[in-house]
Amino acid sequence: MSYASSVKEELAGQVPAARHCKIAEIAAIISLCGRIACQAKGCKIKIQTENRAVARKYFTLLRKTFNIIADVSIKRSPGSKKSGAYGVIVGDYEDAKRVLMATKLMGEDGEIREDLSITRNVVVKQACCRRAFIRGAFLAAGSISDPEQSYHFEIACAARPKALQLKAIINSFGLDAKIVARKRYFVVYMKEGSQIVDILNVMEAHRSLMDLENIRILKEMRGQVNRQVNCETANLNKTVSAAVKQVEDIRTIQEYLGLSNLPENLEEIARLRAEKPEATLKELGEALDPPVGKSGVNHRLRKLGAIAQSLRKKNVGSVTETESGPSEKEEEDYDQKDSYR
């Protein structure tokens, strides 16, 4: 069973205790997936859905609210083992009239609103009824993506006024639903995980909410671990690349100049880096006598790099005092700065 089907199955099993909430949910189902057929003998209400749980919920609401036993039809595609469309029909005119009057989809004069709109309808004035209406709208024309893949909640409306009203009802609970036109529908949707958690709470789909929260937690943990691993990998690659270049610089100096011709402080760090190519700057500094901080080690290695670069360009066997490294005062300054870190 898909996650969307699981949510609808849970919502289908909830029947509001208050009659006015049942009426609000019925109004939403009729408005979003129903139609009214009028003939000489009167009118009848029919809703059609591909979800058996939705048909069962609507049938139950009619029976508990109006004591109406509706007719149920099932259409199956030829050669298909799966059930097709479920139709729930209130065929008796007086029963249909009672339902339409109660849901305010029929005026006092008996006129049926052409688009089954419930704009400014009194059935959604109370917060509990708005919850029931959203639940009915989702059952009738809603879908929700598998949270393992993405976060997406939507309810498709056939007319823009319905979409605007549904958006307003959803946003009355502090949410931020939006509308997008898709083919011949106007879709009320939300794409943030936290917003979808909140709308599930509004519809009182608490089991589905907990399932979604568990998935969100696991996804966030995986994301944090991946980010940390990527960061550590990037830092490690950077450190390894720097160490490889430093060793190459030291080999260049050894080849063209000789490490013994370097100033004592540079010779010391060059031999130490050559012996410990995998060591960090901190470890190199601690191995020196006296110990030197990371910035001091880095400064010396950068001087070695400058010397190696100069030797590569000139390809000579000597190096000037300016190229050979920092003065003793410069080294003392770097080491003193390090002691304050």
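We use all heavy atoms of the structure for the numbers below, so side chains are in, but hydrogens, waters and symmetry mates are not.
Between the side chain of Gln246 and the main chain of Arg273, no donor-acceptor pair closer than 3.5 Å is present. Using a distance-only test at 3.5 Å, with no hydrogens or angles considered, no donor-acceptor pair links the side chain of Thr65 to the main chain of Leu62. Proximity of a side-chain donor or acceptor of Ser310 to a complementary backbone N or O of Ile307 within less than 3.5 Å is not detected. Between the Arg98 side chain and the Met101 main chain, no donor and acceptor come within less than 3.5 Å of each other. Checking side-chain atoms of Lys22 against main-chain N and O of Ala17 turns up a donor-acceptor pair under 3.5 Å. Listed for the Lys8 side chain is a donor-acceptor partner under 3.5 Å among the backbone atoms of Gly142. Formation of a donor-acceptor pair under 3.5 Å by the Ser6 side chain with backbone atoms of Ser2 is not found in this model. Without hydrogens or angle criteria, Lys57 side chain to Gln14 main chain gives a donor-acceptor distance under 3.5 Å. The closest donor-acceptor contact from the side chain of Asp249 to the backbone of Ala308 lies at 3.5 Å or more, if one exists at all. For Thr49 (side chain) and Ala55 (main-chain N/O), no donor-acceptor pair under 3.5 Å exists by modelled atom type.
Looking at Cys33 and Gln48, their side chains never come closer than 4.5 Å, going by heavy atoms from C-beta outward. For the pair Arg135 and Pro16, the minimum side-chain heavy-atom distance is below 4.5 Å. Residues Glu255 and Arg251 are not in side-chain contact: their nearest non-hydrogen atoms beyond the backbone lie 4.5 Å or more apart. Contact annotation: the side chain of Val187 never approaches that of Ile179 to less than 4.5 Å [non-hydrogen atoms, C-beta and beyond]. Between Val297 and Leu301, some side-chain heavy-atom pair lies under the 4.5 Å cut-off. Put simply, the side chain of Ser208 reaches to within 4.5 Å of the side chain of Tyr3, judged on heavy atoms. Side chains of Ile30 and Val99 form a contact here, defined as non-hydrogen atoms less than 4.5 Å apart. Using a 4.5 Å heavy-atom threshold, the side chains of Ile170 and Val202 count as separate.
In this structure, Lys178 is not positioned above the aromatic face of Tyr189 in the sense of NZ or CZ being under 6.0 Å from the six-membered ring centre and within 45° of the axis. Cation-pi contact between Lys219 and Tyr151: present, with separation from the ring centre below 6.0 Å and deviation from the ring axis of at most 45°.
Taking the charged nitrogens against the carboxylate oxygens, Arg56 and Glu9 do have a contact shorter than 4.0 Å, which makes a salt bridge. With respect to Lys64 and Glu25, no salt bridge is recorded, no charged nitrogen being found less than 4.0 Å from a carboxylate O.
Screening Arg207, Met203, Glu204 for a side-chain contact (heavy atoms from CB on, under 4.5 Å) with Glu10, the sole residue that qualifies is Arg207.
Across Arg300 and Glu268, no two heavy atoms sit closer than the pair NH1-OE1, 4.2 Å. A pairwise comparison of heavy atoms in Ile196 and Met190 identifies CD1-O, 4.0 Å as the closest pair. Taking all atoms of both residues into account, the shortest heavy-atom contact from Phe133 to Gln165 is CZ-OE1, 4.5 Å. Residues Ala96 and Ile45 approach most closely at O-CD1, 3.6 Å, considering heavy atoms. Considering all non-hydrogen atoms of both residues, Ile250 and Leu304 come closest at CG1-CD1, 4.4 Å.
With a 6.0 Å radius and a threshold of 12 heavy atoms from other residues, nucleotides or ligands, Phe59 has its CZ atom above the threshold. Under a cut-off of 6.0 angstrom, the local environment of CZ in Arg302 is sparse, with at most 12 non-hydrogen atoms contributed by other residues, nucleotides or ligands.
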Q: Check the pair Arg312 / Thr252 against side chain to side chain donor-acceptor pair (under 3.5 Å), numbers first and verdict last.
A: CA-CA 8 Å; Arg312 290 189 188 99; Thr252 298; 3.2 Å; yes

Q | Audit row: Glu94, Lys44, salt bridge (charged side-chain N to carboxylate O under 4.0 Å, His left out) steps and yes/no | A | CA-CA 9 Å; Glu94 291 300 323; Lys44 63 180 180 179; over 6 Å; no

Q: With salt bridge (charged side-chain N to carboxylate O under 4.0 Å, His left out) as the test, would you mind laying out the steps for Arg271 and Glu275 before giving the verdict?
A: CA-CA 6 Å; Arg271 295 189 184 281; Glu275 293 173 4; over 6 Å; no

